[in-house]
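These notes are about the structure you will find just below.
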Amino acid sequence: MSSYQPLQDYVLIQKTTADIKQGLIIMPESRQPQNRGIVRAVGPGSRTPEGAVVPVNLTVGQKVMFNRAIEVEADFLLVKETEILAIVQ
């Protein structure tokens with residue numbers, strides 16, 4: 001993998017497969033794509049109109065669920081902080 005440092009409020013995420021719960025059977029045709037991954041790098045944050053930096057509210061290593069992403073390599077995505085839906089505990 002190349003080295004990436006996200007800018008502004010972008011987050012670099014490494015894709016992961018969804019955890020499968022024991023005893024739960026999901027039929028292949030009903031499977032929805034799971035947009036989950038691990039935060040690998042975060043940008044400094046967005047700027048307000050006054051020029052102040054609003055830092056990204058995530059840290060490296062957190063597991064997240066996200067909506068839309070830009071693929072940068074096979075397993076790595078850039079996601080805007082506003083597209084991150086949840087931190088997975």
Side-chain angles (χ1 to χ4, degrees):
M1 175 187 122
S2 299
S3 179
Y4 294 99
Q5 177 57 53
L7 300 176
Q8 298 177 344
D9 61 341
Y10 280 91
V11 179
L12 182 68
I13 295 177
Q14 183 177 13
K15 291 190 278 188
T16 60
T17 56
D19 296 330
I20 297 173
K21 304 287 183 195
Q22 186 174 7
L24 178 65
I25 299 172
I26 299 174
M27 301 306 288
E29 61 272 1
S30 69
R31 262 197 145 186
Q32 296 288 328
Q34 295 294 315
N35 292 331
R36 291 184 181 206
I38 299 172
V39 175
R40 294 298 180 201
V42 295
S46 58
R47 290 196 177 269
T48 65
E50 295 79 28
V53 175
V54 178
V56 175
N57 195 22
L58 295 165
T59 57
V60 173
Q62 285 182 309
K63 293 178 184 177
V64 294
M65 225 164 85
F66 54 91
N67 195 13
R68 291 182 293 184
I70 301 165
E71 188 168 340
V72 292
E73 285 191 18
D75 291 334
F76 290 89
L77 307 164
L78 276 174
V79 179
K80 204 157 180 62
E81 182 182 24
T82 55
E83 292 296 328
I84 295 177
L85 305 172
I87 297 171
V88 180
Q89 300 291 328

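Heavy atoms only: backbone and side chains are in, while hydrogens, waters and symmetry mates are out.
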By side-chain contact (heavy atoms from CB on, under 4.5 Å), which residues pair with T59, not counting sequence neighbours? Q62

Please table the atom pairs, donor to acceptor, closer than 3.5 Å between any side-chain atom in residues 82-89 and protein atoms at least two apart or in another chain.
unit_1 : atom_1 : unit_2 : atom_2 : d
E83    : OE1    : N67    : ND2    : 3.2
E83    : OE1    : R68    : N      : 3.4
E83    : OE2    : R68    : NH2    : 2.8

Using the rule that two of Ile, Leu, Val, Met, Phe, Trp, Tyr join whenever any of their side-chain heavy atoms come within less than 4.5 Å, decide whether L58 and V79 are in one cluster. yes

N/O donor-acceptor pairs under 3.5 Å from side chains in residues 7-14, not counting sequence neighbours:
unit_1 : atom_1 : unit_2 : atom_2 : d
D9     : OD1    : K80    : NZ     : 2.8
Q14    : OE1    : R40    : NE     : 2.8
Q14    : OE1    : R40    : NH2    : 2.9

Do you know which two heavy atoms are closest between Y4 and E73, and how far apart they sit? OH-OE2, 3.3 Å

Donor-acceptor check, side chain of E71 to backbone of L78, threshold 3.5 angstrom: yes or no? no

